[in-house]
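Report on the following structure.
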Amino acid sequence: MTSNRLLSAAAALCVGLLMSTVALADSIQPLGTGTFTELKAGFEGKPFVVSLWSVDCLPCRVELELLGELKKQDPEFPLLLISTDVIEKREEAVYILEEYGLETIPSWMFADAFIERLRFSIDPTWHGELPRSYFYAADHSFKAHSGILTEEKLQEFFPH
Amino acid sequence: MLPIRGLDVLTMPMCLMTSKRMKWLFSAGMTVLMTTLLWGADAAAAENCQSLRERSAGQQVISIHCGGAPSATVDADGRLWAAFVQDKHVYVTRSDDNGVTYTTPVRVNSEPEDTEYNGENRPKILVAEDGTVLLSWTTKTSPNFTGEIRFTRSTDAGKTFETPRTMNDDGLMTGHRFDSLFLTASGKLYLTWIDKRDLDASAARGETYPGAAIYYTVSDDLGASFTPNFRVSHNSCECCRIAMAPYGDDEVAILWRQIYDEHIRDHAIAVLGAQGEVSGLTRATVDDWFIDACPHHGPTMVQAEQPGQYHISWFSDGNLHSGIHYGRHDMATGTTENIIQVDGTPGAGHPYLARYDNTLYMVWKGFDGMASQLQLMRSQDDGATWSTPQTLFNTERASDHPLLVTAPQGVFLSWSTEEFGYLFTEISDDKQ
């Protein structure tokens with residue numbers, strides 16, 4: 001995403017206006033301490049990718065843009081998105097996901113103010129830096145990556 | 001506890017304090033139990049937002065125990081002042097009994113603003129010797145990382161506040177965030193922040209620009225007027241708080257996360273002068289943290305006994321240093337020495353330093369998979385050796401980054417927690 005695009009998006013919008021106009025029709029669900037285990041169970045024997053992001057993370061937008069393109073090309077790509085923002089920021093998150101055509105894919109938001117425990121439920125070794133992504137193989141062995149995901153890195157970690 | 005005129009009507013009666021204290025004792029581990037018994041009523045007196053709301057019978061509760069990301073300072077008379085955010089307003093409250101009871105919060109900005117409040121970005125409050133109350137904060141202006149640096153003050157002992165002013169002078173709809181405020185011994189007020197004007201200018205020229213920049217402004221009349229904005233450095237990290245400490249009587253040293261070689265996010269240090277002079281800009285940590293991400297993890301610093309030397313602590317997950325580290329930086333040589341790993345366990349973070357009466361104090365947060373621990377260690381020899389870390393609090397609910405406030409009467413932990421409410425607790429007490 002270019003800085004110009006960020007600027008024009010910013011200029012076109014103020015937060016107050018946003019809050020009153022975005023509809024709640026989205027695919028975001030709350031993530032509690034047991035949710036990630038359930039999500040993994042839903043992918044039993046299957047590979048998948050998890051991308052963690054937040055509305056306050058600029059590098060995450062670069063990654064969301066890549067993931068949006070990826071889903072456009074391959075709607076079946078097994079991607080889970082988790083926003084580490086409190087679920088009260090849902091409307092802001094939806095606005096951003098819509099920017100990248102990601103509003104309809106499976107998505108979760110942190111639903112407990114005790115974020116340390118939610119982070120731990122995803123990966124005890126993760127320090128909270130964003131973006132953070134996980135590449136699960138069919139046997140659910142996984143690799144983790146901190147920082148912007150590029151197409152090359154995605155291919156390296158998760159050949160598709 | 002006698003009623004005191006002008007104090008919050010929601011101040012907790014003694015009977016509730018006792019029952020809450022008992023509940024806390026039963027639910028906490030042995031370390032915390034010992035701590036509580038030794039520290040007496042100060043910490044146990046903490047109210048929490050849930051209990052306030054339950055007693056308010058549906059009325060809105062504006063309280064430091066409910067507000068977001070509070071910060072605190074102690075004035076020359078030893079009185080605690082705290083600022084917090086609630087419902088798009090900054091509030092200021094005062095406590096004359098070290099945080100046991102608080103005055104009714106005063107609303108600072110009459111017009112609501114999307115004020116940022118989180119671990120790394122919170123309202124800052126200082127009180128000058130003449131009683132002027134000084135405040136800065138960041139107001140978000142869009143969902144795309146734009147914001148403005150806001151400042152206001154009270155010249156009538158916190159009764160009323162001037163209309164907030166925007167301190168970034170570029171007039172651009174871009175990022176100006178993560179403000180820090182510092183008042184020198186000579187009365188110069190420094191306000192510094194992370195700024196994206198140079199990023200925008202580079203983008204307009206079609207050039208890449210890693211990260212953001214550090215800017216600042218200075219007031220020599222306690223916030224009545226400020227200098228133009230000065231740039232400290234290009235290519236800072238975008239999302240970590242800036243640490244500040246005095247440099248002589250007139251200047252400040254600042255420590256921030258800086259981008260090196262486009263992808264390494266370690267730390268830089270510099271001295272800022274009142275006329276825009278930036279000197280001694282050097283790399284303060286070499287951790288080799290290769291990451292194109294937001295760590296949301298800013299450093300802390302305090303002045304050492306030796307002029308020009310600073311105790312610093314920071315978090316990194318670099319190839320050379322991982323976890324929370326401590327070191328002593330010498331501005332004269334530009335080197336950081338005596339580097340030790342404070343806590344390398346996953347989940348440990350957000351250190352904060354204070355120095356009082358020749359003792360150094362460091363607090364930080366740990367996490368064991370179920371609960372957060374508030375950790376403390378001390379050094380009596382200017383950071384050469386440290387005590388074994390001690391767990392002061394253990395909570396299985398949400399909590400803010402811990403801060404330390406140095407007051408004339410000692411060092412206090414300033415920590416907002418869901419379970420215990422806002423804690424303001426002396427840690428330099430001999431009883432520990």
Side-chain angles (χ1 to χ4, degrees), chain A residues 1-19 22 33 52-63 84-86 89 91-93 95-96 99 112-121 123-133 145-150, chain B residues 88 112 114 116 118-121 140-146 172-175 177 196 199-204 206 208-209 211-212 238-239 263 265 289-297 315-317 322-323 345-349 365-372 395-399 418-419:
Chain A
M1 184 175 202
T2 65
S3 180
N4 282 344
R5 204 171 140 197
L6 276 177
L7 273 178
S8 60
L13 189 90
C14 77
V15 177
L17 181 66
L18 165 75
M19 293 310 169
V22 174
T33 48
L52 291 142
W53 69 287
S54 97
V55 302
D56 284 328
C57 162
L58 186 135
C60 298
R61 304 285 178 97
V62 181
E63 179 160 319
T84 63
D85 304 293
V86 291
K89 288 194 180 174
E91 288 161 0
E92 204 174 330
Y95 163 77
I96 293 162
E99 277 267 297
D112 189 327
F114 195 1
I115 54 169
E116 289 91 342
R117 192 183 284 175
L118 292 178
R119 279 184 200 154
F120 190 90
S121 75
D123 174 8
T125 68
W126 171 42
H127 298 291
E129 67 278 8
L130 292 169
R132 174 84 164 175
S133 42
H145 173 70
S146 286
I148 300 167
L149 198 56
T150 59
Chain B
K88 297 192 185 297
D114 201 2
E116 297 229 27
N118 56 63
E120 292 294 305
N121 200 353
K140 206 169 165 177
T141 49
S142 86
N144 289 323
F145 324 107
T146 66
L172 295 175
M173 176 75 162
T174 188
R177 298 166 70 207
K196 289 187 176 162
L199 166 71
D200 281 9
S202 293
T208 58
Y209 185 101
E238 305 94 332
C239 50
H263 304 287
R265 295 190 185 224
W289 194 6
F290 186 99
I291 187 168
D292 290 321
C294 281
H296 288 290
H297 228 126
F315 173 83
S316 180
D317 194 21
S322 180
T345 58
K365 256 169 84 174
F367 181 70
D368 64 8
M370 282 303 287
S372 292
T395 180
E396 293 190 11
R397 289 164 69 182
S399 60
E418 197 178 311
E419 185 173 6

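To find a chain, count down the sequence lines: A is the first, B the second, and so on, and within it residues start at 1. Note that this is a predicted model, so its numbers are computed, not measured.
- Proximity of the aromatic rings of A/Phe114 and A/Phe120 is defined here by a centroid distance below 6.0 angstrom, and this criterion is not met.
- Contact of B/Phe315 with chain A is made through the side chain alone, with heavy-atom distances under 4.5 Å.
- Looking at B/Ser202, there are no atoms closer than 4.5 Å to chain A (heavy atoms on both sides), in backbone or side chain.
- The existence of a salt bridge linking B/Lys365 and A/Glu116 is confirmed by a sub-4.0 Å separation between a basic side-chain nitrogen and an acidic carboxylate oxygen.
- Chain A forms more heavy-atom pairs under 4.5 Å with one residue of B/Ser372, B/Ser399, B/Pro112, B/Pro295 than with any other, namely B/Ser372.
- Judged by distance alone, with hydrogens and angles left aside, the side-chain atoms of A/Arg132 form no donor-acceptor pair with the main-chain N or O of A/Leu52 at under 3.5 Å.
- Nearest heavy-atom pair across A/Glu129 and B/Ile291 is CG-CD1, 3.5 Å.
- Proximity to chain A is limited to the side chain of B/Glu418, based on heavy atoms less than 4.5 angstrom apart.
- For the set B/Gly347, B/Ala348, B/Gly175, B/Cys294, the entry with the most heavy-atom pairs within less than 4.5 Å of chain A is B/Cys294.
- For chain B, the nearby parts of A/Pro131 are the backbone and the side chain; heavy atoms of each come within less than 4.5 Å.
- A donor-acceptor pair shorter than 3.5 Å cannot be found between the side chains of B/Asn144 and B/Thr146.
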